There are 2 protein chains.
Amino acid sequence: MATIYEVSKLAGVSLATVSRVINNTAPVRASTKEKVEAAMQELGYRPNSVAQSLASNRSNSIGILVSELGGPFYGELLSRIESEFRAVGKHVIVAAGHSDAELERESIEFLRSRNCDALILHVESVSDDYLRGLADSGTPFVVINRHVAAVADRCITLDNELGGYLATHHLLERGHRSIAYVSGPMWKHDASERYKGHLRALKEFSLAEDKSLFFEGDFQETGGVHALHHFLDAKAKFTALVCANDEMASGAITVAHEVGLEVPAELAVVGFDNVNFSHYTYPKLTTVDYPIEAIGQMAARWVLKHVYQQPVPDLKAVFQPQLIPRDSA
Amino acid sequence: MATIYEVSKLAGVSLATVSRVINNTAPVRASTKEKVEAAMQELGYRPNSVAQSLASNRSNSIGILVSELGGPFYGELLSRIESEFRAVGKHVIVAAGHSDAELERESIEFLRSRNCDALILHVESVSDDYLRGLADSGTPFVVINRHVAAVADRCITLDNELGGYLATHHLLERGHRSIAYVSGPMWKHDASERYKGHLRALKEFSLAEDKSLFFEGDFQETGGVHALHHFLDAKAKFTALVCANDEMASGAITVAHEVGLEVPAELAVVGFDNVNFSHYTYPKLTTVDYPIEAIGQMAARWVLKHVYQQPVPDLKAVFQPQLIPRDSA
DNA sequence: GCTATAAATGAAAGCGCTTTCATCATAGGC
DNA sequence: GCCTATGATGAAAGCGCTTTCATTTATAGC
């Protein structure tokens with residue numbers, strides 16, 4: 001691989017000048033520029049990004065930490081973030097935190113030791129305090145899908161409460177009055193927020209919380225399976241089921257088929273997230289759209305603006321979910 | 001951030017010695033080692049990985065290029081590769097090629113300019129020649145899901161032909177004799193291989209290829225939708241449908257529901273890949289398992305062995321698919 | 001045509017680390 | 001006890017680039 005030195009020699013200019021034409025960081029006479037570019041062309045020169053990083057104290061890499069690299073949700077997030085950064089020549093280093101505090105912390109350290117210019121974090125387990133400390137340490141980062149008061153200016157979230165409200169409200173509007181709820185782990189912020197929204201909708205229709213119609217699942221398909229079995233075993237009376245994400249909704253629908261409950265005639269089901277397989281279920285899943293790509297894009301733009309000082313259009317911190325009516329409710 | 005220099009000063013040793021204890025690259029007296037470690041501890045020292053890379057000509061980063069970062073298939077692949085590398089302190093830079101030759105080439109260049117120590121490529125569009133050239137250029141890389149004769153030693157593939165055979169064979173065994181086939185784009189290696197397997201199975205049952213029962217889809221859900229509509233419109237006679245991937249199978253099942261065709265009683269459907277949503281369909285999809293995680297792991301190990309000289313257990317180049325019988329066929 | 005100013009360019013000092021080479025200490029072999 | 005082989009350590013030269021600072025060259029104003 002040719003180095004900048006060889007380019008400068010071939011072009012008959014100094015290193016500094018070559019660097020200037022590469023980075024367009026200071027005016028260079030047109031004729032000089034051409035000479036340099038010709039030399040680069042001839043040598044097939046490509047700047048060594050590691051050396052650039054060391055000298056400039058900028059790695060042009062952004063670390064992104066999600067719970068799981070697999071799964072529909074994070075895939076779309078990653079996809080969007082990567083393309084945003086790729087377009088400006090920056091690259092993305094990925095890591096998985098697996099919803100575990102220790103692993104999340106370790107992953108963040110890992111990414112930091114990689115000299116990432118910024119981090120985009122989808123963390124569920126580390127404490128608010130930890131994040132505050134991280135902010136104090138000077139590492140630029142933005143948090144997705146979680147509101148942390150101490151670092152509110154770097155949080156990009158969905159109004160989960162509203163989403164929960166929308167899901168239940170949709171059912172109430174269609175006449176359902178006994179609505180079971182399958183939550184995610186309540187220690188997760190989004191799970192508890194969604195449930196709050198559910199309660200608010202009930203209240204609006206003068207319905208009280210019914211603990212026997214609540215089940216705390218795990219945000220996985222099996223959560224939905226267990227939940228429906230649980231409700232059925234307990235002989236609970238309900239005509240509709242709100243699931244705090246699509247995976248669980250899908251599990252519930254599977255069980256409904258197995259026990260011969262017709263969806264939506266005998267049991268209406270609504271999910272949450274609108275992941276890409278949500279219309280593969282039968283019947284197609286009515287769900288609440290989580291604008292994950294828009295959020296990913298916004299996170300990327302936050303970084304572009306605050307770390308790379310690029311001008312970006314309107315930054316937005318809180319996104320509104322939207323109900324997607326399909327066939328299951 | 002403390003530098004190695006400060007550590008060396010605090011510990012009262014030279015830079016070289018500190019480097020040795022960090023990298024465990026030469027014997028250091030136990031007492032010296034302790035002093036250095038104490039100093040690192042005290043300063044909260046973390047090596048600057050960029051500087052390490054520049055000096056050692058090793059970035060400890062592996063570039064991975066897939067068609068799409070979203071989607072179930074690649075997510076699992078990424079997930080496995082990341083965890084394999086993470087365990088040994090290496091990191092993964094991701095890029096998407098979108099099945100476009102130009103973009104794939106550009107992504108590879110992008111990754112190369114990032115000084116990746118190795119690349120893991122899932123490329124569909126660049127030519128065999130290009131890959132041969134890449135090999136000649138000295139960049140270590142391994143190719144997933146594609147056999148390229150010129151660089152056969154760096155290809156990790158699935159026996160797609162066998163997979164296609166298995167899918168159709170399953171149907172034939174269950175008595176089906178009119179089997180429609182929805183292929184992926186035939187220019188993609190895996191698509192054409194799968195179809196070959198289909199033909200081999202037919203032949204084994206003395207059945208000839210029937211062009212009217214062939215449809216070339218796009219590996220997307222809509223491909224399955226269009227395919228089934230196409231066959232139905234053409235009044236083709238068939239009792240079973242093989243789809244070259246699960247997305248298309250899912251689309252076909254959706255259409256079957258819409259037109260009142262009962263699956264599998266009136267139309268048996270088998271997919272391919274066994275992506276994680278394949279059991280969310282109704283009825284649950286019978287499909288051919290693509291051991292994507294195992295392949296990802298193998299790719300990672302190939303790199304560990306050939307690039308980082310780490311001892312790894314048995315490397316395997318060709319994986320065998322397996323039929324997963326569920327409810328749709 | 002000559003100075004004042006701005007535009008281009010070059011020299012050289014790092015960025016934080018690894019690694020060779022040389023040096024010095026230690027320990028065994030006889 | 002002396003010599004050699006080996007174990008520990010340090011000095012210093014890079015790795016390929018960016019960036020300040022100084023210098024040179026071009027531009028304009030009069």
Side-chain angles (χ1 to χ4, degrees), chain A residues 1-37 39-40 43-61 89-91 112-117 138 308-309, chain B residues 1-37 39-40 43-61 89-91 112-117 138 308-309:
Chain A
M1 203 63 238
T3 71
I4 196 174
Y5 176 71
E6 301 169 45
V7 173
S8 79
K9 233 168 64 177
L10 181 58
V13 300
S14 72
L15 294 189
T17 300
V18 178
S19 175
R20 287 182 188 111
V21 350
I22 292 172
N23 299 295
N24 196 28
T25 180
V28 171
R29 199 188 312 161
S31 63
T32 314
K33 194 169 176 178
E34 275 165 30
K35 271 193 304 183
V36 172
E37 277 167 349
M40 295 201 297
L43 294 170
Y45 172 76
R46 240 179 319 127
N48 178 323
S49 69
V50 172
Q52 287 182 311
S53 299
L54 183 60
S56 66
N57 202 24
R58 266 287 152 77
S59 68
N60 286 313
S61 69
K90 320 235 171 269
H91 70 264
R112 290 221 294 161
S113 80
R114 246 59 215 191
N115 292 71
C116 292
D117 293 337
Y308 297 113
Q309 281 77 43
Chain B
M1 203 63 237
T3 72
I4 196 174
Y5 176 71
E6 301 170 44
V7 173
S8 79
K9 233 170 62 179
L10 181 57
V13 300
S14 72
L15 293 189
T17 301
V18 177
S19 175
R20 287 182 187 112
V21 350
I22 293 172
N23 300 295
N24 197 27
T25 178
V28 172
R29 200 187 311 161
S31 63
T32 314
K33 193 169 176 177
E34 275 165 30
K35 273 193 303 185
V36 172
E37 277 166 350
M40 295 201 297
L43 293 170
Y45 171 77
R46 240 181 317 125
N48 178 322
S49 68
V50 171
Q52 287 182 312
S53 299
L54 183 60
S56 66
N57 202 25
R58 265 289 151 75
S59 68
N60 287 313
S61 69
K90 320 232 170 271
H91 70 263
R112 290 220 296 161
S113 80
R114 247 57 215 190
N115 292 73
C116 292
D117 293 336
Y308 297 113
Q309 281 78 42

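The structure displayed is predicted, hence computed values, not measured ones. Naming: A, B, ... by sequence-line order, numbering from 1 per chain.
- If you measure from atom CG of A:Asn57 to atom C1' of C:dG16, you get 10 Å, rounded to the nearest angstrom.
- Atom-to-atom, CZ of B:Arg58 to C1' of C:dT19 comes out at 14 Å; the value is rounded to the nearest Å.
- Nearest heavy-atom pair across A:Pro47 and A:Ile22 is CG-CG2, 4.3 Å.
- Spacing between atom CG of B:Leu54 and atom P of C:dC15 amounts to 13 Å, rounded to whole angstrom units.
- Of all heavy-atom pairs spanning A:Ala11 and A:Ala39, the tightest one is CB-CB, 3.9 Å.
- Nearest approach of B:Lys33 to B:Val28, heavy atoms of both residues: N-CG1, 3.9 Å.
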Quiz item: side chain to side chain contact (heavy atoms under 4.5 Å, CB included) between A:Thr17 and A:Ser14: does it pass, once the steps are laid out?
Solution: CA-CA 5 Å; A:Thr17 300; A:Ser14 72; 3.3 Å; yes
Exercise. Evaluate the side chain to side chain contact (heavy atoms under 4.5 Å, CB included) criterion for residues A:Arg20 and A:Val36: first the C-alpha distance (whole Å), next the side-chain angles of each, then the deciding distance (0.1 Å), finally the verdict.
Key: CA-CA 10 Å; A:Arg20 287 182 188 111; A:Val36 172; over 6 Å; no
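- At the heavy-atom level, B:Val13 lies under 4.0 Å from the strands shown only through sugar-phosphate atoms.
- Checking D:dT18, C:dA12, C:dC21 against every side-chain atom of A:Ser19, the shortest atom distance belongs to D:dT18.
- Comparing atom distances between the A:Tyr45 side chain and each of D:dC17, D:dC15, D:dT19 picks out D:dC17 as nearest.
- Rounded to a whole Å, the CG atom of B:Leu43 is 15 Å from the C1' atom of C:dG16.
- Against DNA chain C, the stretch residues 24-35 of chain B makes no heavy-atom approach under 4.0 Å.
- Taking for each of B:Ser56 and A:Val18 the nucleotide of DNA chain D with the nearest heavy atom, the 5'-most of the two is the partner of B:Ser56.
- A straight line from CG of A:Leu15 to C1' of C:dA11 spans 9 Å, rounded to a whole angstrom.
- For A:Thr17, counting side-chain heavy atoms from C-beta on, the closest listed nucleotide (C:dT9, C:dG14, C:dT18) is C:dT9.
- Atom C1' of nucleotide C:dG10 and atom NZ of A:Lys9 are separated by 17 Å, given to the nearest angstrom.
- Among the protein residues, B:Asn48 comes within range of the sugar-phosphate backbone only, with heavy atoms under 4.0 Å from sugar or phosphate atoms but none that close to a base.
- Counting to the nearest Å, the P atom of D:dG16 and the CE atom of A:Met40 are 17 Å from each other.
- Side chain of A:Ala16, nearest nucleotide from D:dT19, C:dG16, D:dT18: D:dT19.
- Of the listed nucleotides (D:dG16, C:dA11, D:dA11), D:dG16 has the atom at the smallest distance from the side chain of A:Ala51.
- A:Thr3 has no side-chain polar atom (N or O) that falls below the 4.0 Å cut-off from OP1 or OP2 of D:dG16.
- Closest of all the heavy-atom pairs between B:Tyr308 and B:Asp117 is OH-OD2, 2.5 Å.
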Quiz item: Going through the checks in order, is the side chain to side chain contact (heavy atoms under 4.5 Å, CB included) test met by B:Val21 and B:Val13?
Solution: CA-CA 11 Å; B:Val21 350; B:Val13 300; over 6 Å; no
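- For the pair B:Arg20 CZ and D:dA8 P, the interatomic distance rounds to 11 Å; values are reported in whole Å.
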